[in-house]
Amino acid sequence: SGYILVAPNVSKVEEEPKLNLNFYPNPCQDYLILHSSQIIKNIQIFNSLGQKIEELSPEQNIIRIKTSSLVSGNYYLIINNSIIKRFLKE
């Protein structure tokens, strides 16, 4: 006996608007500013070992992240659970 796979109609899938993102200064010391064309719902900060340092839910398009307490090194931002950006803390 065979199986029939019925796929949903995917012709009407709506893509999320493209997120144009700038962040500065990089390298940073005391803070990092993110400026986006869309609302940023979620930011996760990871260190170079892959450990989550912080998670934010700003619901804004301009965000100032305090970085003064971070030790010097490379960090990664995961923005809206999809976009990955690297920054350096001096």
Side-chain angles (χ1 to χ4, degrees):
S1 69
Y3 294 96
I4 297 175
L5 176 63
V6 179
N9 183 353
V10 294
S11 65
K12 295 183 181 179
V13 172
E14 293 181 23
E15 290 187 20
E16 224 175 273
K18 184 169 169 60
L19 186 71
N20 292 320
L21 178 75
N22 294 309
F23 62 102
Y24 53 89
N26 190 16
C28 64
Q29 291 181 347
D30 297 325
Y31 60 88
L32 185 68
I33 295 174
L34 280 70
H35 189 273
S36 169
S37 61
Q38 304 290 328
I39 296 295
I40 295 175
K41 297 176 183 178
N42 180 274
I43 300 170
Q44 298 173 65
I45 303 172
F46 291 85
N47 65 16
S48 60
L49 300 175
Q51 299 166 319
K52 188 188 295 183
I53 304 299
E54 190 171 359
E55 185 161 359
L56 308 166
S57 300
E59 298 290 335
Q60 299 175 31
N61 68 328
I62 300 174
I63 298 106
R64 181 177 170 153
I65 300 173
K66 184 178 177 186
T67 57
S68 57
S69 63
L70 299 177
V71 297
S72 296
N74 287 306
Y75 291 87
Y76 298 88
L77 300 171
I78 299 182
I79 300 160
N80 291 346
N81 297 315
S82 63
I83 299 168
I84 300 173
K85 296 289 183 181
R86 183 177 64 86
F87 71 95
L88 177 64
K89 164 65 165 78
E90 289 186 328

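Only a predicted model underlies this, so the values are computations on that prediction, with no experimental measurement involved.
- From N80, atom CG reaches atom CG of L21 across 9.0 Å, with rounding to the nearest 0.5 Å.
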Sequence neighbours left out, cut at 3.5 Å: what donor-acceptor pairs do the side chains of residues 53-60 make with other protein atoms?
residue : atom : partner : partner atom : Å
E55     : OE1  : K52     : NZ           : 2.9
E55     : OE2  : N42     : ND2          : 2.9

Would F87 and L70 count as a side-chain contact (heavy atoms from CB on, under 4.5 Å) if you check the C-alpha gap in whole Å, the side-chain angles of each, and the deciding distance to 0.1 Å? CA-CA 12 Å; F87 71 95; L70 299 177; 4.1 Å; yes

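- In this structure F23 satisfies the ring pair (Phe, Tyr, Trp, His ring centres under 6.0 Å) test with no other residue, sequence neighbours excluded.
- Taking hydrophobic clusters as Ile, Leu, Val, Met, Phe, Trp and Tyr residues chained together by side-chain heavy-atom distances below 4.5 Å, Y24 does not share a cluster with I84.
- Hydrophobic clustering places V71 together with L77 (ILVMFWY residues linked when any side-chain heavy atoms are closer than 4.5 Å, directly or through intermediates).
- Note that CG of D30 is 10.0 Å distant from OG of S69, once rounded to the nearest 0.5 Å.
- Closest non-hydrogen pair, N26 versus L88, comes out as OD1-N, 2.9 Å.
- Both I43 and I83 are part of a single hydrophobic cluster, where members link through side-chain heavy atoms under 4.5 Å apart.
- The closest side-chain heavy-atom distance from Y76 to R86 is below 4.5 Å.
- Placement of L34 and I78 in two distinct hydrophobic clusters is found when ILVMFWY residues are connected by side-chain heavy-atom separations under 4.5 Å, directly or transitively.
- None of Q44, Q38, K85 except one satisfies the side-chain contact (heavy atoms from CB on, under 4.5 Å) rule with I79; the exception is K85.
- In terms of the ring pair (Phe, Tyr, Trp, His ring centres under 6.0 Å) criterion, F46 has no residue partners (sequence neighbours excluded).
- With values rounded to the nearest 0.5 angstrom, I40 atom CD1 is found 9.5 Å from I62 atom CD1.
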